[in-house]
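All remarks here apply to the structure that follows.
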Amino acid sequence: AHRYYEGIPLINGCYDTNPPLSTLIYVPSIALSDLTAIKIYYSVYITIFALIILSTVLTYLIIKKMSFLSKEEHQIFVVAYITAVVISPQYDFSQRDHLIVVTAIPFFLTQISITKKIPINSLLSHLSLAFGTLMIMVKPHYGLFPSLLIIHRLITQKRIGVIFDRDFIY
């Protein structure tokens, strides 16, 4: 990502099995390093933790709207989510698959809220869908689960109009 940020074309500057997003997702870390003189190693962790904080807030605010869960279940879910995205990755922390998981949970919760017709704030919905879609596009095979959730909605709601829902459009 650093080579790309400095103007070297991706085709000349790096090799990756999932180009170009797998490289471009690290550009904010490089930009932070350049703007603040923080070492790249630390700027990666800062941007990943910022994404984790944003994703945790989105997860909490979305799950809070799910009235079929108790307040304690909301809290347990959020604590489990934080544990899963901060402690569980260990050596894979900040790798592509880790970033996909960080953004996938709010994405899936938004899809579930659309299916269950749970009203959530439009900004929350669009943020979780935008970040989730961006990360899923890094490795498109991760798009299978959101596709299954849309098919589930199509079957349970018995309407073809699911293709016009927010998550399908993303």
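Just so it is clear, the structure is predicted and the values come from calculations on it, not from any experiment.
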Mind listing the closest non-hydrogen atom pair of [X] and [Y] along with its distance?
X    : Y    : value
N121 : L123 : OD1-N, 2.6 Å
P106 : L58  : CB-CB, 4.1 Å
Y26  : L99  : OH-CD1, 4.0 Å
V102 : Y81  : O-OH, 2.6 Å
L32  : I46  : CD2-CG2, 3.7 Å
Q157 : I114 : NE2-O, 3.7 Å

Could you grab the distance from atom [atom1] of [X] to atom [atom2] of [Y], nearest 0.5 Å is fine?
X    : Y    : atom1 : atom2 : answer
L54  : T103 : CG    : OG1   : 10.0 Å
L61  : L109 : CG    : CG    : 11.5 Å
S125 : I62  : OG    : CD1   : 7.5 Å
S29  : I38  : OG    : CD1   : 10.5 Å
I82  : I87  : CD1   : CD1   : 9.5 Å
Y45  : I52  : OH    : CD1   : 10.5 Å

Heavy-atom count check: over 12 atoms from other residues, nucleotides or ligands less than 6.0 Å from F68 CZ?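 Buried by this count: over 12 neighbours within 6.0 Å.
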Would you find more than 12 non-hydrogen atoms of other residues, nucleotides or ligands less than 6.0 Å from Y142 atom OH?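 Check passes, neighbour count above 12.
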Step by step, work out the side chain to side chain contact (heavy atoms under 4.5 Å, CB included) result for M135 and V101. CA-CA 9 Å; M135 290 302 163; V101 170; over 6 Å; no
F77 ring centre to K64 NZ or CZ under 6.0 Å, with the angle to the axis within 45°?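 Here K64 fails the 6.0 Å and 45° test against F77.
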I'd like to know whether the aromatic ring centres of F107 and F131 sit less than 6.0 Å apart in this structure.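 For F107 and F131, the ring centres are not under 6.0 Å apart.
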Who are the ring pair (Phe, Tyr, Trp, His ring centres under 6.0 Å) partners of H126, not counting sequence neighbours?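 Applying ring pair (Phe, Tyr, Trp, His ring centres under 6.0 Å) to H126 gives Y170.
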Can you sort out the partners of F164 under ring pair (Phe, Tyr, Trp, His ring centres under 6.0 Å), two or more places apart, ordered by chain and number?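 Expected list: none.
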Please name all residues satisfying side-chain contact (heavy atoms from CB on, under 4.5 Å) with L148, sequence neighbours left out, ordered by chain then number.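 side-chain contact (heavy atoms from CB on, under 4.5 Å) check on L148 returns L144.
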Can any side-chain N or O of [X] pair as donor or acceptor with the backbone N or O of [Y] at less than 3.5 Å?
X    : Y    : result
S33  : S43  : no
Q111 : P146 : yes
H74  : Y60  : no
D165 : D167 : no

Are side-chain heavy atoms of [X] and [Y] found at a separation under 4.5 Å?
X    : Y    : result
E73  : M66  : no
D92  : D97  : no
I112 : H152 : no

Using side chain to side chain contact (heavy atoms under 4.5 Å, CB included), reason through R159 and L154 one step at a time and then give a plain yes or no. CA-CA 6 Å; R159 64 181 182 90; L154 176 72; over 6 Å; no
Say whether Y42 and F93 are linked into one hydrophobic cluster, either directly or through other cluster members, by side-chain heavy-atom distances under 4.5 angstrom.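 Both belong to a single hydrophobic cluster.
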Should I118 and F168 be counted in the same cluster of Ile, Leu, Val, Met, Phe, Trp and Tyr side chains packed under 4.5 Å apart?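 Looking at the clustering, F168 is in a separate group from I118.
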